[in-house]
Protein chains: 2
Amino acid sequence: MKKVNSDVAYDYIRKKIISGEYAPGNPLMTESLSSEIKVSRTPVREALYKLKGEGLVSISPRLGASVKKMDVKEFRETCELRLALEGHAAGLAAVNHSQADLREIRFALEAMRELTERIIAGKDETNFIDDLVREDVRFHVGIMTAANNDLMKREILRLNMVNRLMIGPLNIRQPAKTKAETDENRRRVLASHEEIYEAIARGDAGAAREAMEQHIQDIVEKTLHLISGSGRSETRQLSEEELAYSG
Amino acid sequence: MKKVNSDVAYDYIRKKIISGEYAPGNPLMTESLSSEIKVSRTPVREALYKLKGEGLVSISPRLGASVKKMDVKEFRETCELRLALEGHAAGLAAVNHSQADLREIRFALEAMRELTERIIAGKDETNFIDDLVREDVRFHVGIMTAANNDLMKREILRLNMVNRLMIGPLNIRQPAKTKAETDENRRRVLASHEEIYEAIARGDAGAAREAMEQHIQDIVEKTLHLISGSGRSETRQLSEEELAYSG
DNA sequence: AAGAGCTGTTATGTATACAAGTGCATCCTA
DNA sequence: TAGGATGCACTTGTATACATAACAGCTCTT
């Protein structure tokens, strides 16, 4: 598979969207992009169509392309999809996992356990938190892999990525929480992961699915709470014109 | 939303793929398509990218586009996805359904019951079978709608469409079955539908999901059996080059 | 005779010119 | 001054020309 210009444009735009440099709603004009990437408009357009297929970009005829902007309804629907798929994947993982898969999941779990303890213990959080997130991802990816369904894995990862478009802009102003609250939260997450792992390890598909669904549900609810907490659910309901008015 | 040439090309190609006129593996050359549709190559290319996003077309750089060809692995993975989503949707439908939703589902079910009885009774199958299929679809669509998640509905419909690419070519040589067998089969399908409906009607999400999962599993197994029965599972494992050799 | 290399053909990838639609600012009118 | 018409600038959509990679058929060599 040789790399052609449309792939270059694709990678370029995709990266900027994911990193947040191009925020949701940001118009993506073929001309400026083409001069920025130094390819012609044709491969840029093709890149935009590919990104549309992934759900990162929306295109409407004659009005051009823009970074996909999610409303709360769509966000919830995406979360529900993710819940369904990741829950099912956990069930499949319980049945289909290889020993190597299980090992990978266990390692991620153990790393998380240790990191969680250290963070709760208290000294120098920041570094460990990045590590914790990484291990969290490793845990979830491990399960998707163990489920032995590439299509499902790709789809879950895609949904996650799309969701980040919604969550990403929120990170800036998370409502402050007490350390006790976040610690309690971390313990809950860890406990969920342990429950999921146990179910998978003993091959109990039903329990694995239920535990995973509960886990995702927790995460989603926390996020939805964040959204309404930051007063965003209402703001997002505003139409284009209304938003323009306030600016 | 005005209709532009790339939409024309999109509709044209999509229709031909779904109808089977362009069979899986069929190369889709921009030049011939453009002269056929009477638009230039540019909108044709864009149409192909859109179709790729839907999973109906595969494109590889410099080698061009072709109608998506599924191997057994991918088919099974798609079915698993569909199982997960449609099962979950049934669960949601049990919780979220409106009275109108329920009515629609019940009507489809009742129509199917009557048609099944008539078909089993015996006179002039053909017409009724088309009707039966239509009501079957109506039943499933009704549940997706009742789940109140547009994204999920669209995704399930898309998966179904993609699956047809695999199943479609098979229809030609279905191994003959005795009428007793097909009748028994129809009764099973109807019983499944009734079970699903009852669970949804009484708001039992768990039961609705399980019944739906079982139902889809039945369908999938039947189809997979058909595939191996027609000696296709082995053929499809062959690589491009091997296939080219035999031709 | 088999295989490597060459060459012409064909289809794709890309750039660019042109057409056409959209939105905005300006200007005119009541 | 408010409302609407008009024209302009800009962007997208489309056609097309050109560059380049893949492929097929041929020849030449071993």
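Order of the sequence lines fixes the chain letters, A, B, ..., with proteins taken first and strands second; residue numbering starts at 1 for each chain.
Where A/Thr42 and A/Leu63 each meet DNA chain D at their nearest nucleotide, the meeting point lying more 5' is that of A/Leu63.
Remark: B/Phe139 engages B/His193 in a ring-ring contact (aromatic ring centres under 6.0 Å, His included) (not counting sequence neighbours). By the side chain to side chain contact (heavy atoms under 4.5 Å, CB included) test, B/Ala47 pairs with B/Ala9, B/Tyr10, B/Ile13, sequence neighbours left out. A search for salt bridge (Lys or Arg N to Asp or Glu O under 4.0 Å) contacts involving A/Glu21 returns A/Lys16, not counting sequence neighbours. The side chain to side chain donor-acceptor pair (under 3.5 Å) test applied to A/Thr42 returns no partner, not counting sequence neighbours.
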What protein N or O atoms touch nucleotides 19-21 of chain D N or O atoms at under 3.5 angstrom, if any, and at what distances?
residue: D/dT20; atom: O2; partner: B/Arg62; partner atom: NH1; Å: 3.3
residue: D/dA21; atom: O4'; partner: B/Arg62; partner atom: NE; Å: 3.4

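Checked for salt-bridge contact, A/Arg41 and A/Glu31 miss the test: no charged N lies under 4.0 Å from a carboxylate O.
Looking at residues 29-41 of chain B, you'll see B/Met29, B/Thr30, B/Glu31, B/Arg41 sit with a heavy atom under 4.0 Å from some atom of DNA chain C.
Rounded to whole angstrom, the span from the CG atom of B/Asn5 across to the C1' atom of D/dT16 amounts to 15 Å. Per the geometry, CD1 belonging to A/Ile59 stands 17 Å off P belonging to C/dT22, to the nearest Å.
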How far apart are the C-alpha atoms of B/Gln217 and B/Glu221, what are their side-chain angles, what is the distance that settles it, and do they pass the side chain to side chain donor-acceptor pair (under 3.5 Å) test?
-> CA-CA 6 Å; B/Gln217 188 67 39; B/Glu221 263 162 30; 3.2 Å; yes
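Closest approach of B/Asp7 and A/Pro61 over heavy atoms only: OD2-CG, 4.4 Å.
Between the side chain of A/Asn5 and the main chain of A/Pro43, no donor-acceptor pair closer than 3.5 Å is present.
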